[in-house]
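Everything on this sheet refers to the single structure shown next.
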Amino acid sequence: MCGIIGCTGAFPALDVLRGGLRALEYRGYDSAGIAFFNADSDILTVKASGKIKNLEDKLDTIPDSEKISFCGIGHTRWATHGEPTERNAHPHGNDRVQIVHNGIIENYRELSVMLSREGYSFKSETDTEVASLLIDFSYKKQGNDPLKALAKARSQLEGSYAIGAVFSDRAGEIYAMRRDNPLIIGLGESESFIASDITAILPYTRKYIRLGENEIARLSGKNVTVFDEYGNACEKQTETALWDVDSAKKGGYPHFMIKEIYEEPDALAKTLAPRISSDLLPNFEGENIDVKRLASSKRIIITACGTAMHAGFIAKYFIEKYARIPVNVEIASEMRYSDMIIDENDAVIVISQSGETADTLAALRLAKNKGAFVTSVVNVVGSTIARESDAVIYTWAGPEIAVASTKAYVVQSALMSLLALAMSLEKKILTESEVKALTGKLLHDLPSDIKYILDMRDEIYSAAQYFADKKDLFCVGRGIDYFAAVEASLKIKEVSYIHSEAYAAGEMKHGTISLIENGTPVIVVSTDKNVRQKIVGNIRELASRGAYIISLSTPDREISDVSDKMLSLPSESGEFLPIAVATLLQMIAYRAAVLKGCDVDCPRNLAKSVTVE
Ligand code: F6R
């Protein structure tokens with residue numbers, strides 16, 4: 001999704017803006033631009049469609065003397081209104097004001113009609129340009145007072161926004177405001193920053209404040225003042241980011257995606273170890289969650305989007321199995337507009353890596369409005385979802401930069417499994433010794449199986465090579481293996497652009513098997529021994545119609561015999577093996593994408609942290 005960076009103070013602005021835009025690339029974008037005050041205090045705006053390199057090439061054509069600057073704003077745009085052209089790239093505005101904007105202005109049509117009547121015309125197709133000219137209109141009306149202009153515009157803008165603005169007669173100053181879209185303010189020694197997220201400013205500072213809903217900020221050098229919605233200057237709490245600069249770099253890996261897959265064992269240790277006592281019992285004491293309350297729920301509703309929702313499927317499986325509580329997994333973008341029956345007796349669990357996904361946040365708010373107690377499982381500390389939940393459990397996966405979520409999924413799934421065991425203990429369903437045995441599998445055997453899988457390079461390559469040039473494939477499994485197949489299918493689609501469908505293996509013959517032709521690749525996940533014989537039957541049905549079967553199973557002669565290729569899985573993690581299988585499938589998806597020459601970390605049309613609907 002779009003990214004914002006801005007800086008004012010001691011550092012050369014163009015260096016900070018370029019570095020910040022590069023750091024924000026991971027969010028997904030299709031054009032970029034900057035606006036900065038030059039040595040004569042004039043605002044220069046430069047934009048380009050496509051990659052940041054195109055923007056840099058344009059900047060290179062400007063004489064160095066014109067680029068001396070200590071204040072500016074920059075933006076990576078992920079198109080929503082209007083094509084990803086240079087004309088639509090941010091910043092937008094005129095000779096008095098330039099703004100960068102994340103989010104969507106919902107009433108931009110009405111506002112543009114009003115502004116046209118006032119003599120404004122528009123150069124782009126964007127809602128952001130309308131917002132910029134509305135701010136300009138207010139600026140003129142409010143006697144060139146940026147704070148009053150922004151406050152007036154805020155009362156007229158509908159929708160979600162994080163906005164950074166510069167005004168031509170306020171050289172060295174940056175203004176910012178936000179509603180329903182995150183923005184942080186970095187605090188340096190002699191400078192300050194605005195940014196969509198901390199990764200953009202980590203090289204300069206780890207200290208930051210969060211701009212609150214409807215607040216407006218003024219930054220000038222190191223001086224930052226935040227005004228509440230009534231215009232009063234307010235105290236803000238300074239936070240310190242725990243992530244270091246290196247964690248947001250590739251560290252020798254060719255892509256963030258593969259780096260993050262290799263980080264999974266470590267992320268698991270960081271997330272699970274603090275929640276497991278020395279005698280291997282789950283221990284959430286001292287955390288802001290209420291295991292008793294969750295365990296006593298009649299029903300649990302898990303809501304999330306995409307991969308995070310797929311971790312919800314794994315959670316459903318283990319909560320139902322160990323804690324015997326019925327679990328519904330709801331697509332957040334559907335739940336937010338549904339008339340779902342939900343009340344104070346329901347426990348709702350929201351899963352989100354970024355903690356900022358607009359649909360997930362909306363589902364959370366709906367659940368809270370209906371009286372449900374909401375617990376969130378979030379990776380980004382202090383994110384909006386974390387703050388708005390009644391309780392929060394953090395995954396400690398570190399920054400996830402690649403658009404495709406990998407390590408976050410693995411830690412979400414494992415953490416939810418641990419929570420299921422804690423609930424089981426609370427309900428006295430499993431005995432302490434049974435729980436200890438399972439907790440040990442999660443803490444020790446799961447990371448060790450993942451490490452084993454990370455070394456299966458040749459098998460991974462050969463599986464990916466088979467289907468990398470195919471147009472379609474299927475991922476199938478039964479029970480929890482079906483849930484693993486669903487996530488595998490998404491991962492393959494998003495990074496390698498191969499059409500993939502996930503199916504419950506037994507369901508194929510009810511229609512979809514008609515799509516199987518000679519050589520159609522079918523990835524079969526088979527870890528669940530209870531349905532082993534059934535899956536063998538399903539493989540036979542598919543193979544006899546020409547499917548090329550790639551099975552993922554613990555060593556099994558029969559499955560190997562009926563498959564074209566079998567990748568032998570380790571088995572130490574037992575019931576939790578489907579979580580380790582995710583690593584294998586992520587590696588296969590990654591390898592296929594690399595073989596096809598895809599932009600692995602920033603797949604086309606996708607964005608990290610989907611902060612618009
Ligand atoms: C896919 C992927 C997405 C996210 C989804 C939710 O690899 O990353 O499907 O899982 O957009 O994002 P979060 O977890 O940030 O709420």
Side-chain angles (χ1 to χ4, degrees), residues 1 3 26-28 78 181-182 196-197 199 255-258 260-261 264 267 271 302-315 329-336 349-365 374 376-389 392-395 397-413 415-416 475 483-484 486-497 500 502 582-583 585-590 592-593 598-613:
M1 233 27 12
Y26 81 96
R27 296 166 67 96
W78 188 78
N181 216 293
S196 318
D197 68 55
T199 51
H255 300 101
F256 279 110
M257 181 175 174
I258 190 70
E260 288 161 8
I261 294 173
E264 285 170 5
T271 301
I302 296 179
T303 186
C305 298
T307 290
M309 182 183 71
H310 298 163
F313 289 141
I314 303 290
V329 180
E330 302 290 337
I331 302 171
S333 56
E334 287 296 311
M335 178 167 155
R336 65 181 295 183
I349 299 180
V350 166
I351 304 179
S352 175
Q353 185 283 128
S354 63
E356 302 293 349
T357 303
D359 287 322
T360 310
L361 181 60
L364 176 160
R365 289 177 179 163
V374 179
S376 62
V377 177
V378 174
N379 194 43
V380 178
V381 175
S383 52
T384 312
I385 288 176
R387 281 179 290 124
E388 292 200 15
S389 303
V392 56
I393 329 175
Y394 285 112
T395 48
E400 196 179 60
I401 306 288
V403 163
S405 184
T406 54
K407 60 177 176 173
Y409 169 85
V410 166
V411 295
Q412 285 158 354
S413 303
L415 181 60
M416 291 303 294
C475 294
F483 296 145
V486 172
E487 170 54 14
S489 185
L490 174 62
K491 214 82 314 166
I492 289 167
K493 273 187 279 236
E494 65 176 326
V495 296
S496 74
Y497 312 150
S500 165
T583 307
L585 290 159
Q586 291 163 358
M587 297 272 281
I588 292 174
Y590 170 77
C598 300
D599 187 352
V600 181
D601 284 337
C602 296
R604 68 179 177 217
N605 305 336
L606 289 178
K608 190 85 180 162
S609 186
V610 185
T611 49
V612 296
E613 262 197 85

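Both counts, for ligands and for their atoms, begin at 1 and track the order of listing.
The line from OG1 of T199 to CZ of R27 is 7.5 Å long, rounded to the nearest 0.5 Å.
Heavy-atom proximity to A404, at under 4.0 Å, picks out these atoms of ligand 1: 7 (O). Here is the list of ligand 1 atoms found below 4.0 Å of a heavy atom in G306: 9 (O). Atom numbering of ligand 1 starts at 1 in the shown order; those under 4.0 Å from a heavy atom of A308 are 10 (O), 14 (O). The distance from ligand 1 to the heavy atoms of E494 drops below 4.0 Å at these ligand atoms: 1 (C), 7 (O). Annotation for ligand 1: atoms under 4.0 Å from non-hydrogen atoms of S354 are 13 (P), 15 (O), 16 (O).
Between the side chains of S500 and K491, no donor-acceptor pair is found at a separation under 3.5 Å. For the 3.5 Å distance criterion, the side chains of E356 and S383 fail to qualify, holding no donor opposite an acceptor. With 3.5 Å as the limit, one finds a donor-acceptor pair spanning the side chains of S376 and S389. There is no side-chain donor-acceptor pair under 3.5 Å between Q586 and T406.
For K491, every heavy-atom contact with ligand 1 shorter than 4.0 Å involves the side chain, none the backbone. The residue T406 has no part lying near ligand 1, judged by heavy-atom distances below 4.0 Å.
Checking E356, M257, E400, Q353 against atom 14 (O) of ligand 1, the nearest heavy atom belongs to Q353.
Below 30°, between 30° and 60°, or above 60°: for F313 and F483 the angle between ring planes is below 30°, a parallel geometry.
Among the atoms of T360, none of the N or O lies under 3.5 angstrom from an N or O of ligand 1. Polar contact with ligand 1: absent for V610 (N/O pair, distance under 3.5 Å).
Taking 4.0 Å as the cut-off, N379 does not count as a neighbour of ligand 1 on heavy-atom distance.
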